[in-house]
Amino acid sequence: MRSLEERIGSDRRAFYLRLISAASSLFSLYQILSHSIVSGHHPDLPTTTKLIHRHSELSHSPASAFPLALFYSHSRPDLFLLNVLLRCLDPFSTLSIFSSLHQHHPHLRPDSFTFSFSISAAASLASPVSGRVLHARSVAVGYSADRFVGSALTDFYFKFSMTSVAEEVFNQISCPDTVLWNTLITGLVRNCSFLRAVMAFERMVALGSHCDSTTLAVVLPATAELRDLILGKVIHCFVVKSGMEAQSHVITGFITLYSKCDEIHDAEFLFHEIEQPDLIHWNAMISGYSSAGYIRSSVCLFKDLMLSGWCPNSSTVVALIPVTDSYGHVSLCRAIHGFALKTSFDLNLLVCTALTTVYSRLNCMDAARQVFDGMQEKSMASWNAMISAYAQNGLTEAAISLFREMQSLNLKPNPMTASSILSACAQLGALTLGKQVHRMITEEKLELNVFVSTALIDMYAKCGNIIEAQKIFDCMTEKNEVSWNAIISGFGLHGYGCEALRLFREMLSAQISPTATTFLSILHACSHGGLVEEGQAIFQSMSHTYGIRPRHEHYACMVDIFGRAGRLNEALEFIGTVPGDVGPGVWAALLGACRIHKEANIAKLAAEKLVQLEPENPGYYVLLSNIYSASQNFPEAAAVRDVAKRRKLIKLPGCTLIEVKDVLHVFTAGDRSHPQTSSIYSMLETLAGKMLDAGYQAETESVLYDVEEEEKEHMVKIHSEKLAIAFGLINIKPESEITIIKNLRICLDCHNWTKFISRITKMVIVVRDASRFHHFTNGVCSCGDYW
DNA sequence: ATAGGGTTAG
């Protein structure tokens with residue numbers, strides 16, 4: 001008869017395996033292990049594997065010390081143990097074990113599980129390099145068509161917004177199963193490629209792959225984003241037919257779909273049909289209401305939620321945020337912020353990111369920054385939210401410096417970062433940085449989605465390179481109304497009215513509905529291109545054919561169109577037809593026309609209106625005063641100046657930016673702070689002589705000249721654009737191109753001066769001022785002397 | 001190996 005000890009001994013492994021499976025806490029697991037070691041039995045490979053596996057089930061976060069110690073206690077671990085270990089380790093340890101595998105355990109040949117766990121680790125470590133290395137090695141050992149490796153890789157490339165590579169990997173796998181299709185569709189949705197996600201879904205169905213609730217949970221929000229109600233209904237029928245309509249995730253998807261497609265009652269119906277809605281159902285409905293503008297219903301449902309004994313979570317708070325947005329109420333926003341802080345369930349990434357944006361939309365940049373700085377952990381979305389908050393509020397330098405900070409922390413920008421920063425570049429005219437971002441997008445193979453492409457078009461157009469803008473536009477596979485608007489306004493900005501008109505017609509025939517912005521762009525193009533009749537016809541069609549009510553800006557554009565052609569009386573007449581109040585932009589356009597056509601009487605009328613409408617804007621006072629003094633009405637002139645002085649109104653200082661060899665230089669009027677000041681001024685002297693010979697005369701007489709009296713003396717205060725151009729002439733190779741950007745409109749004299757310079761030096765000079773681009777070539781400007 | 005609500009872009 002065998003002793004007890006012998007019986008345990010023979011079944012020792014089974015005995016410990018049973019104990020381990022039954023262990024209910026980490027503590028009892030440690031006890032089992034120490035018992036076995038104390039009694040002289042080091043756990044064998046299967047027991048160790050089981051221990052590590054149970055340990056990962058019992059501990060909530062990836063803990064590495066215990067499993068690693070167990071793993072290293074074996075001199076010859078097997079592949080199964082290795083894979084179980086890799087799956088439960090933190091991503092960093094997973095990668096380091098994998099990379100030292102060859103050295104420490106050359107007998108172990110990684111299989112598809114080993115690769116897929118390591119690739120997932122690279123993805124969560126945000127380490128694109130190690131992922132690519134793993135990709136290469138897995139292909140080298142013949143796993144390029146493996147489902148597990150393939151799905152991990154697909155997921156990996158999508159995480160880094162490298163959608164084209166992800167799709168390539170997916171296409172390598174000959175018979176993708178449901179999970180793999182789901183991985184593809186999820187990745188596309190996460191990268192906002194909604195159309196491609198829906199197309200992949202259609203392909204999946206057509207190829208006869210089985211879809212499950214996961215597929216629908218992902219496809220339905222994509223359909224909602226595309227506002228494709230018809231497709232949504234087709235899917236709904238399909239879902240009912242295949243008996244999946246009662247699945248929790250699927251119902252949520254339909255609530256999202258119907259509320260985003262303005263079918264709020266259908267969404268409501270589905271929500272009330274659910275017997276026991278979970279928190280996500282509630283949140284979906286609350287957000288459905290608030291994002292569709294049903295603010296009261298949203299708040300009511302929130303109250304119901306609280307009364308039903310649910311504890312709201314961060315998503316509930318985020319779902320409520322559009323409420324503050326639509327009211328434009330800072331106090332409401334602060335109330336929600338306070339509520340989130342008080343209930344402190346998790347004032348997490350999500351809430352903070354949303355708050356950053358809402359505060360910035362309410363123009364509380366300090367509050368926004370405070371929330372951003374207060375986050376211990378920041379996601380890509382948090383960074384992007386803060387960067388775009390700055391960009392959208394015109395704080396371009398802040399946006400760029402935050403972008404640099406992000407880069408210095410080794411965080412890889414994603415397409416959203418790219419489009420935000422491109423917007424800042426466009427506003428600032430920072431072509432070099434814009435090009436760098438473009439290069440980064442290409443090098444990192446970042447997804448060139450509609451947002452990014454449109455942002456690139458806008459950046460190139462606004463930074464002077466309309467050719468490059470057009471190239472990108474032509475390469476786009478998916479264009480929406482914003483993309484068309486960007487290219488049309490780009491051509492308008494450069495004075496290519498006919499090209500803009502051609503694109504506008506092309507847009508219409510491509511069945512893209514023009515928006516209010518489209519009309520603004522095309523009217524701008526007509527005014528800068530001198531196309532009066534075309535502009536009038538388009539303005540008519542805007543309300544008659546497309547049912548879009550013109551805004552102040554559209555009226556201003558029309559005034560601009562008439563004014564440019566010197567038809568000032570028609571412009572006045574047109575203003576008479578504007579229903580309701582006339583905005584300051586309209587009068588400013590009229591004033592601009594008067595300035596060019598030297599029409600003092602109408603100018604006086606316009607300037608008086610402007611001083612009334614915008615008492616804070618100093619420019620109009622100067623102008624009005626100049627007009628009065630020109631008509632010998634000195635007391636009035638003095639009175640106007642007095643008012644401006646009493647109000648302590650300060651003129652926005654003019655400055656000009658120029659980039660030479662990727663370095664940015666900024667000049668202000670009469671600037672002497674630049675290291676090359678002396679050569680700049682002597683260059684100006686040299687030029688002055690040649691200019692006189694060529695017939696240049698300083699334009700200081702004009703009554704309608706928007707500068708202070710003392711600024712008229714150009715010898716005292718040389719305008720910043722002249723300094724920048726002189727600097728460019730010194731530092732840029734002859735007979736090439738100089739591009740400068742000025743924050744205000746270029747003045748008449750500088751415009752004239754630049755024409756002469758372009759003729760004398762044979763340089764092409766491109767000037768972006770506050771209203772448009774001027775291309776100076778051999779004494780002629782593309783704006784036709786009207787801007 | 002994939003999954004529902006909610007945050008970031010032109």
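Each chain gets a letter, A, B and so on, in the order the sequences are listed, and its residues count up from 1.
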Novice: Below 4.0 angstrom from OP1 or OP2 of B:dA9, is there any side-chain N or O of A:Ser388?
Specialist: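 Yes, because at least one side-chain N or O of A:Ser388 sits under 4.0 Å from OP1 or OP2 of B:dA9.
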Novice: Would a distance-only check, ignoring hydrogens and angles, find a side-chain to backbone donor-acceptor pair under 3.5 Å from A:Asn191 to A:Phe158?
Specialist: yes
Novice: Hey, does A:Val450 reach any base, or is it just sugar-phosphate, or nothing, if we go heavy atoms under 4.0 Å?
Specialist: base
Novice: Is there ring stacking between A:Phe451 and B:dA9, where the centres must be under 5.5 angstrom apart and the planes under 30 degrees?
Specialist: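 Stack criterion met.
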Novice: Without decimals, in angstroms, what is the distance between A:Met459 CE and B:dG10 P?
Specialist: 14 Å
Novice: More than 12 non-hydrogen atoms from neighbouring residues, nucleotides or ligands closer than 6.0 Å to NZ on A:Lys378, yes or no?
Specialist: yes
Novice: From B:dT7, B:dT8, B:dG5, pick the nucleotide closest to the side chain of A:Ala354?
Specialist: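 Taking heavy atoms from C-beta onward, the closest nucleotide is B:dT7.
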Novice: What's A:Gln247 touching, base or sugar-phosphate or nothing? Going by heavy atoms closer than 4.0 Å.
Specialist: nothing
Novice: Is any side-chain N or O of A:Arg190 closer than 4.0 Å to OP1 or OP2 of B:dA3?
Specialist: yes
Novice: How would you label the contact of A:Val218 with the nucleic acid (heavy atoms, under 4.0 Å): base, sugar-phosphate, or nothing?
Specialist: sugar-phosphate
Novice: Looking for any heavy atom pair under 4.0 Å, which part of the strands does A:Ser213 touch: base, sugar-phosphate only, or nothing?
Specialist: base
Novice: Looking at A:Glu447 and A:Arg196, is there a salt bridge between them, counting it only when a charged N and a carboxylate O are closer than 4.0 Å?
Specialist: yes
Novice: Does any N or O donor sit under 3.5 Å from an N or O acceptor when you compare the side chain of A:His281 with the base of B:dG5?
Specialist: no
Novice: Tell me whether A:Arg227 at atom CZ has more than 12 heavy atoms from other residues, nucleotides or ligands lying less than 6.0 Å away.
Specialist: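 For A:Arg227, atom CZ is crowded (more than 12 foreign heavy atoms under 6.0 Å).
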Novice: Students often get this wrong, so: under 4.0 angstrom with heavy atoms, is A:Ala381 touching a base, only sugar-phosphate, or nothing?
Specialist: base
Novice: Under 4.0 Å, counting only non-hydrogen atoms across every strand here, what does A:Asn449 touch: a base, just sugar-phosphate, or nothing?
Specialist: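 Counting heavy atoms under 4.0 Å across all strands, the contact made by A:Asn449 includes a base.
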Novice: Counting distance alone, no hydrogens or angles: does the base of B:dG5 have a donor or acceptor under 3.5 Å from a partner atom on the side chain of A:Asp278?
Specialist: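 Per atom types, no contact qualifies.
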Novice: From C-beta outward on A:Thr252, which listed nucleotide comes closest to its side chain: B:dA9, B:dG4, B:dT7?
Specialist: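 The answer is B:dG4, which lies nearest to the side chain.
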Novice: Within the structure, does a side-chain N or O atom of A:Arg361 lie under 4.0 Å from either OP1 or OP2 of B:dT8?
Specialist: yes
Novice: So, OP1 or OP2 of B:dA1: does either fall under 4.0 Å of a side-chain N or O from A:Arg87?
Specialist: yes
Novice: Over all strands shown, is A:Asp177 touching base, sugar-phosphate only, or nothing at heavy-atom distances under 4.0 angstrom?
Specialist: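 A:Asp177: base contact, heavy atoms under 4.0 Å.
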Novice: Does A:Ser419 contact B:dA9 through a side-chain donor or acceptor facing the base, at a distance under 3.5 Å?
Specialist: yes
